[in-house]
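Working notes for the structure below.
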Amino acid sequence: MLRWHHPELGLIHPLDFIDVAEGAGLIIGIDQTVIQKVAMQLDDWRGCGLRVVPVSVNISPYQLQSGTTAAFFEKIVKQYQLPTHWLEVEVTESAVVDRSMVVSSELNALRKQGVRLMIDDFGAGYSSLAQLHRLDVDVLKVDQAFTHALAEGSEGEIVYRAVVSMAVALDMQVVAEGVETLAQLNLLKNIGCHEIQGHIISPALPAKEIEQLLQKTIMPPFDQLNQLPIV
């Protein structure tokens, strides 16, 4: 996860500087730097003989609108000789729903390369189930607010089941964000959620510490739960 190491302010979360970077016209350079660093890290892990798993990268709407995203991905994949499915793209719902011809062309080109497309934080803001049929993507990442609502009674589970049911009917996989407890994990498994992410697996870590996770063939608590896939 992107962080800014400021010489005076220390570690700065992306929510505090991404909007500024977009307004200053710097976000495309940041996006491209992140993509290249991810590719370099994947290549390094492969060289160490680790069990490499796909890594998803958030792409700014400004990057998509520039019309350079797919070409840059293709260049980086060739440069590091990576399988294209090792890199995945996360975009906002608004970028997909209200997309221009340029954005449509970029997303189609990425998909042709074999890159999985994901909607990040579905359910945040104005998102609704009515929008699902307009999202031509491979994966729906459900906002952590839905996951937290699972502990608030049956209504939370009913809503989550509706999201998963509709997504599956539209040939999308579902990732649950913000999973923190075994109770949430069990419910999501019963609901039919495909993958999860959250602190139950690990907080955000430096690449060196992630290597320890990649060395494990089974990561608790998944040895108790038939290894529900994770991201």
Side-chain angles (χ1 to χ4, degrees), residues 1-42 54-77 79-80 82 84 86-113 115-128 131-132 134-147 172 175 177-178 197-198 203-207 231:
M1 293 184 177
L2 182 64
R3 297 292 187 271
W4 177 11
H5 291 269
H6 192 281
E8 298 176 358
L9 302 177
L11 203 63
I12 302 178
H13 192 276
L15 291 177
D16 296 325
F17 67 84
I18 289 297
D19 287 345
V20 176
E22 290 178 340
L26 300 174
I27 194 63
I28 295 177
I30 291 175
D31 278 355
Q32 292 183 345
T33 298
V34 170
I35 294 167
Q36 182 157 19
K37 283 184 174 291
V38 168
M40 290 173 62
Q41 187 62 67
L42 288 168
V55 175
S56 57
V57 181
N58 290 86
I59 297 296
S60 165
Y62 292 89
Q63 169 82 340
L64 286 173
Q65 291 161 9
S66 73
T68 61
T69 307
F72 189 77
F73 261 83
E74 186 174 17
K75 170 189 171 184
I76 292 299
V77 166
Q79 179 180 346
Y80 292 96
L82 301 177
T84 53
W86 280 8
L87 284 168
E88 301 174 337
V89 167
E90 294 186 25
V91 296
T92 62
E93 181 187 351
S94 60
V96 177
V97 172
D98 303 320
R99 63 191 187 187
S100 64
M101 290 183 64
V102 172
V103 171
S104 293
S105 176
E106 287 292 289
L107 294 176
N108 289 336
L110 285 167
R111 179 170 278 164
K112 286 181 180 178
Q113 291 178 31
V115 177
R116 282 208 312 175
L117 303 180
M118 303 180 170
I119 294 294
D120 193 24
D121 297 334
F122 179 82
Y126 70 87
S127 303
S128 70
Q131 299 283 0
L132 270 179
R134 302 179 62 188
L135 306 179
D136 184 20
V137 296
D138 305 297
V139 180
L140 193 70
K141 297 189 67 178
V142 181
D143 189 73
Q144 61 182 345
F146 283 78
T147 303
M172 299 178 193
V175 176
E177 298 179 341
Q197 69 177 48
L205 295 172
V231 293

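All values reported here derive from a predicted model rather than from experimental measurement. Each residue takes its place number in the sequence, starting with 1.
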(Q) Show the nearest heavy-atom pair for residues P61 and T92, with the distance to one decimal. (A) CG-OG1, 3.9 Å
Q) Counting only N and O atoms by type, is there a donor-acceptor contact under 3.5 Å from the side chain of Q113 to the main-chain atoms of A70? A) yes
**Q.** Minimum heavy-atom distance between E88 and P54, given as atom pair plus value
**A.** OE2-CB, 3.5 Å
Q. Can you list the steps and then say if S60 with E22 is a side chain to side chain donor-acceptor pair (under 3.5 Å)?
A. CA-CA 8 Å; S60 165; E22 290 178 340; 3.2 Å; yes
Q) For L64 and A95, which heavy atoms make the closest approach, and how far apart are they? A) CD1-CB, 4.2 Å
**Q.** Minimum heavy-atom distance I28-S66, with the two atoms named
**A.** CD1-CB, 3.6 Å
Q: Apply salt bridge (Lys or Arg N to Asp or Glu O under 4.0 Å) to D19 and list each qualifying residue two or more places apart in sequence or on a separate chain.
A: none
Q: State, without any angle test, whether S56 and E90 hold a side-chain donor-acceptor pair at a distance under 3.5 Å.
A: yes
Q: State the CE-CZ distance between M172 and F122, to the nearest 0.5 angstrom.
A: 8.5 Å
Q) Any side-chain heavy-atom pair from W86 and V38 closer than 4.5 angstrom? A) no
Q: With side chain to side chain contact (heavy atoms under 4.5 Å, CB included) as the test, would you mind laying out the steps for V175 and L140 before giving the verdict?
A: CA-CA 6 Å; V175 176; L140 193 70; over 6 Å; no
Q | Euclidean distance, I30 CD1 relative to Q63 CD, rounded to 0.5 Å | A | 11.0 Å
Q) How far apart are the C-alpha atoms of V96 and L117, what are their side-chain angles, what is the distance that settles it, and do they pass the side chain to side chain contact (heavy atoms under 4.5 Å, CB included) test? A) CA-CA 10 Å; V96 177; L117 303 180; over 6 Å; no
Q: State, yes or no, whether a side-chain contact exists between D138 and R111 at a heavy-atom distance under 4.5 Å.
A: yes
Q. Under a 4.5 Å cut-off applied to non-hydrogen side-chain atoms, are L110 and F73 in contact?
A. yes
Q: Only one of T69, I119, D120 passes side-chain contact (heavy atoms from CB on, under 4.5 Å) with V91; say which it is.
A: I119
**Q.** Straight-line distance of F146 CZ to E177 CD, nearest 0.5 Å
**A.** 10.5 Å
(Q) So, taking the atom named CD in Q79 and the one named CZ in F72, what distance separates them when rounded to the nearest 0.5 Å? (A) 8.0 Å
Q: Compare all side-chain heavy atoms of L107 with those of V137 and state whether any distance is below 4.5 angstrom.
A: no
Q: List the steps and the verdict of side chain to side chain contact (heavy atoms under 4.5 Å, CB included) for K141 and Q197.
A: CA-CA 9 Å; K141 297 189 67 178; Q197 69 177 48; 2.8 Å; yes
Q: Find the distance between CD1 (I76) and OG1 (T84) and round it off to the nearest 0.5 Å.
A: 14.0 Å
**Q.** Spatial distance of atom CZ (R116) from atom CG (L87) [nearest 0.5 Å]
**A.** 12.0 Å
**Q.** Where at least one partner belongs to residues 25-35, residue pairs that pass side chain to side chain donor-acceptor pair (under 3.5 Å), sequence neighbours excluded
**A.** none
Q | Evaluation steps, side chain to side chain contact (heavy atoms under 4.5 Å, CB included), between V103 and Q65 | A | CA-CA 6 Å; V103 171; Q65 291 161 9; 3.9 Å; yes
Q.
Any non-hydrogen side-chain atom of Y62 less than 4.5 Å from a side-chain atom of L26?
A. no
Got a list of side-chain donor-acceptor pairs under 3.5 Å for residues 3-14, not counting sequence neighbours?
{"unit_1": "H6", "atom_1": "ND1", "unit_2": "E8", "atom_2": "N", "d": "3.0"}
{"unit_1": "H6", "atom_1": "ND1", "unit_2": "L9", "atom_2": "N", "d": "3.0"}
{"unit_1": "H13", "atom_1": "ND1", "unit_2": "L15", "atom_2": "N", "d": "3.1"}

